[in-house]
Amino acid sequence: MSEQLISIMENNERKDLYNIKTHASGPSGSLPLTHHMLMNSPSGNLFGLSQNVGMGWKPTKLTGKQVLILGTQGGIRAEDGTPIALGYHTGHWEIGLLMRAAAEEIRTKGGIPFAGYVSDPCDGRSQGTTGMFDSLPYRNDAAMVLRRLTRSLPTRHAVMGVATCDKGLPAMMIALAAMHDLPCIIVPGGVTLPATYGEDAGKVQTIGVRYAQDELSLQEAADLGCRACATPGGGCQFLGTAATSQVVSEALGMSVPHSALAPSGQPIWDEMGRQSARAVLAMESKGMSMKDVLTDQAIQNAMVIHAAFGGSTNLLLHIPAIAHAAGRNIPSVHDWNRINKTVPRLVSVLPNGPVYHPTIRAFMAGGVPEVMLHLRKLGLLDCSVLTVTGETLDHVLDWWESSERRYTVRKQLMELDGVDPDDVLMNPDQSKARGLTSTVTFPIGNIAPEGSVIKSTAIDPAVVNEDGVYRQKGKAKVFTSEKEAISAIKNGNIAAGDIMVLIGRGPLGTGMEETYQITSALKHLSYGKYVSLITDARFSGVSTGACIGHVGPEALAGGPIGRLRTGDIIEIIVDRNQLEGSINFIGADNQTLTAEEGAKVLAGRELHPDLKPDAQLPDDTRLWAELQAVSGGIWKGSVYDVDKIIEVLKAGKEALALKSESIK
């Protein structure tokens with residue numbers, strides 16, 4: 001007999017192992033059924049009551065309003081918070097505590113809470129790996145599952161979504177935005193604290209490349225890596241995609257005031273669960289639903305707040321997807337450009353600066369409502385929109401302006417950290433004096449005829465001319481894989497003045513992977529500010545520097561970027577003040593060309609010989625890439641436009657039928 005089998009099956013010292021029961025008396029009492037219920041209710045509703053008491057709910061308390069709480073909880077925590085099984089990231093490690101607080105409040109108010117879970121991956125954990133190929137597609141899949149879970153509890157009266165990080169929170173917002181006729185609310189999961197002595201979770205992701213370049217010792221790398229996540233819960237300490245998504249959720253009116261960026265695990269964070277439960281129950285009693293909150297004006301407000309915070313460029317993918325789910329107008333590149341030219345950046349935090357405050361300080365300085373006060377004075381917000389509080393944004397901001405909460409947290413920031421809250425969240429005049437520029441620019445040119453995006457506010461000021469324009473002309477070094485590109489950096493094959501071009505990493509190549517290990521390396525290496533990057537991939541929200549992504553068309557869709565070769569001369573111009581820019585191929589083999597001549601040369605070239613989808617691209621992602629492509633692609637939010645997909649499938653079936661007939 002196999003010793004391994006014995007060790008698996010028989011190594012058990014439990015004395016009660018075979019104390020097996022084959023029946024039980026069941027819950028005591030009776031269901032609160034009525035003649036009308038038995039005659040008219042679907043059998044599923046009636047059986048649901050049996051399930052409820054079977055799980056231990058008292059039959060006498062079955063008539064309350066049912067509220068579904070959906071969360072991205074990951075891992076298994078002991079009662080004292082120690083891990084029994086790890087989660088993917090700190091952002092979902094403490095989510096269950098918020099869900100519990102919300103559930104307890106619902107019970108106190110006579111409601112019946114339900115809970116379901118759709119956990120989420122960590123973009124930081126999957127950087128530089130094939131796990132990144134599932135990152136953006138996961139958002140769509142999770143939103144679908146969350147919607148299915150919502151519809152699968154037909155007796156729910158309201159829905160709460162509790163989520164924190166890069167893909168889980170956008171997925172939750174997309175899912176709840178589609179629940180047009182239900183009262184819904186988002187509870188953002190907050191942030192982790194920075195180490196008292198150490199590096200933030202963005203910078204620490206560069207310990208490998210800095211060690212390779214002899215800028216860190218082995219012991220320094222080990223020590224810094226150990227302390228980066230200083231508390232066990234919450235999203236990263238910088239205004240990346242996780243933090244920006246929290247800000248956007250509140251800006252949309254989907255979250256209670258001053259909820260984005262709260263310190264995970266602390267009383268002011270835990271109370272958000274209770275506040276949100278009270279809010280969603282009030283929405284239900286007033287007959288409010290998502291369609292009352294998510295209007296075109298609310299979506300524009302979110303874009304304004306994104307610009308004022310200097311948020312992650314990944315929200316250019318997520319806000320249009322939320323608008324699509326809500327059945328509202330999908331913002332265009334023109335809309336983004338218009339808003340960013342109008343709205344001043346007011347927030348000084350990681351990774352944009354100019355002072356690299358962690359996100360907890362933005363919360364303590366007043367967070368989203370404090371920034372909104374400045375924008376209201378400028379007339380840049382529509383304050384007539386409704387929020388999940390049941391009040392207009394105007395009333396919310398009036399409350400905030402004179403609230404004890406505002407006074408207390410701002411005072412504590414000065415007392416605890418010695419930081420003036422007005423140096424973190426600035427007024428427009430102070431922002432202008434400190435040199436804060438608007439968030440994003442959309443360069444076009446013969447390399448990106450459909451456009452591209454750069455977080456222009458985060459280009460190192462040391463390489464920007466006095467007129468506010470970043471200019472670089474240099475030779476391209478073309479890579480068809482992220483692994484090749486990061487190896488070139490680590491091995492010293494990238495030098496100041498180079499322009500790195502990473503192609504074939506858009507949706508069709510890798511699921512539009514995030515390339516933070518490259519952008520972070522350039523940010524934190526001494527010469528990195530003098531190197532530019534152009535790619536059809538996307539960037540982490542913490543990325544900074546002269547990094548241009550979202551290039552369209554992508555290389556594998558025949559885009560000109562896929563026709564570039566190492567040694568080509570490229571010119572980059574980004575005006576940080578006017579928010580205008582261009583990226584053009586202007587020469588090769590010592591021949592200088594105009595942008596128009598360069599376009600003709602590129603059009604006559606073959607695609608790069610090494611260009612192909614990644615060999616490890618999952619079939620799930622290949623399907624996602626094709627579906628989002630026929631739905632409008634990345635500039636429409638990488639959504640699934642069902643009507644358009646059906647139209648394309650129908651046309652394809654008709655074409656195949658004609659082809660079959662012609663063969664006959």
Side-chain angles (χ1 to χ4, degrees), residues 72 74-75 86-89 91-92 118-145 165-168 170-171 201-202 204-209 212 225 236 240-242 314 317 478-491 500-522 533 535-543 547 549-551 554-557 561-562 608 610-629 633-634 638:
T72 56
L86 292 168
Y88 283 58
H89 53 94
H92 63 207
V118 179
S119 196
D120 54 349
C122 175
D123 279 7
R125 188 180 291 274
S126 60
Q127 290 293 338
T129 76
T130 55
M132 185 53 71
F133 299 171
D134 288 290
S135 173
L136 184 55
Y138 161 89
R139 184 206 67 177
N140 290 29
D141 296 345
M144 289 172 62
V145 173
C165 280
D166 293 29
K167 299 302 175 296
V204 82
Q205 292 181 49
T206 69
I207 54 176
V209 72
C236 295
T241 307
N314 276 324
L317 294 163
V478 178
F479 304 92
T480 57
S481 79
E482 188 183 12
K483 184 177 180 180
E484 292 174 355
I486 195 66
S487 293
I489 294 173
K490 286 185 174 181
N491 295 329
M500 299 181 70
V501 180
L502 180 60
I503 63 175
R505 315 316 281 176
L508 295 172
T510 64
M512 202 178 187
E513 67 181 356
E514 204 173 75
T515 57
Y516 179 60
Q517 67 166 341
I518 296 175
T519 60
S520 62
L522 297 178
L533 172 65
T535 181
D536 52 7
R538 60 192 177 90
F539 302 132
S540 165
V542 73
S543 293
C547 303
H550 297 217
V551 169
E554 64 174 301
L556 283 163
I561 189 174
H608 195 287
D610 297 331
L611 183 64
K612 57 183 178 299
D614 195 285
Q616 294 180 280
L617 190 66
D619 284 346
D620 302 321
T621 301
R622 291 175 57 212
L623 178 60
W624 164 85
E626 296 295 345
L627 292 175
Q628 65 86 37
I634 61 171
S638 293

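For clarity, every value in this text was computed on a predicted model and none was experimentally measured.
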Contact summary for [X] and [Y], nearest pair of heavy atoms:
{"X": "Leu508", "Y": "Pro613", "value": "O-CB, 3.7 Å"}
{"X": "Ile503", "Y": "Ala555", "value": "CB-CB, 4.1 Å"}
{"X": "His608", "Y": "Val478", "value": "CD2-CG1, 3.9 Å"}
{"X": "Val118", "Y": "Ala142", "value": "CG1-CB, 4.2 Å"}
{"X": "Thr621", "Y": "Pro137", "value": "CG2-CG, 3.7 Å"}
{"X": "Ser126", "Y": "Gly131", "value": "CB-C, 3.7 Å"}

Audit row: Leu317, Ile634, side chain to side chain contact (heavy atoms under 4.5 Å, CB included) steps and yes/no: CA-CA 6 Å; Leu317 294 163; Ile634 61 171; 3.7 Å; yes

From [X] [atom1] over to [Y] [atom2], what is the distance, rounded to the nearest 0.5 angstrom?
{"X": "Gln628", "Y": "Ser638", "atom1": "CD", "atom2": "OG", "value": "4.0 Å"}
{"X": "Asp141", "Y": "Trp624", "atom1": "CG", "atom2": "CH2", "value": "10.0 Å"}
{"X": "Glu554", "Y": "Leu611", "atom1": "CD", "atom2": "CG", "value": "9.0 Å"}
{"X": "Thr241", "Y": "Tyr516", "atom1": "OG1", "atom2": "OH", "value": "11.0 Å"}
{"X": "Thr515", "Y": "Phe539", "atom1": "OG1", "atom2": "CZ", "value": "5.0 Å"}
{"X": "Met132", "Y": "Tyr138", "atom1": "CE", "atom2": "OH", "value": "14.0 Å"}

Intermediate values then yes/no, side chain to side chain contact (heavy atoms under 4.5 Å, CB included), Gln517 and Gln205: CA-CA 7 Å; Gln517 67 166 341; Gln205 292 181 49; over 6 Å; no

Taking the side chain as everything from C-beta on, heavy atoms only, tell me whether [X] gets closer than 4.5 Å to [Y].
{"X": "Arg139", "Y": "Asp166", "value": "no"}
{"X": "Asp619", "Y": "Leu623", "value": "no"}
{"X": "Thr130", "Y": "Thr510", "value": "no"}

Pair His92, Ser119: side-chain N/O donor-acceptor within cut-off below 3.5 Å: yes

Do [X] side-chain atoms and [Y] backbone N/O form a donor-acceptor pair below 3.5 Å?
{"X": "Thr206", "Y": "Val209", "result": "no"}
{"X": "Tyr88", "Y": "Gly75", "result": "no"}
{"X": "Asp536", "Y": "Val551", "result": "no"}
{"X": "Thr535", "Y": "Leu502", "result": "yes"}

Any residue meeting side chain to side chain donor-acceptor pair (under 3.5 Å) with Arg538, in chain and number order, not counting sequence neighbours: Ser135, Asn314, Glu514

Step-by-step side chain to side chain contact (heavy atoms under 4.5 Å, CB included) determination, Leu533 to Val501: CA-CA 6 Å; Leu533 172 65; Val501 180; over 6 Å; no

Salt bridge (Lys or Arg N to Asp or Glu O under 4.0 Å) assessment of Asp614 paired with Arg505: CA-CA 8 Å; Asp614 195 285; Arg505 315 316 281 176; 3.3 Å; yes

Pairs satisfying salt bridge (Lys or Arg N to Asp or Glu O under 4.0 Å), at least one member in residues 119-137, at least two apart: Asp123-Lys167

Steps toward side chain to side chain contact (heavy atoms under 4.5 Å, CB included) verdict (Cys165, Thr72): CA-CA 9 Å; Cys165 280; Thr72 56; over 6 Å; no

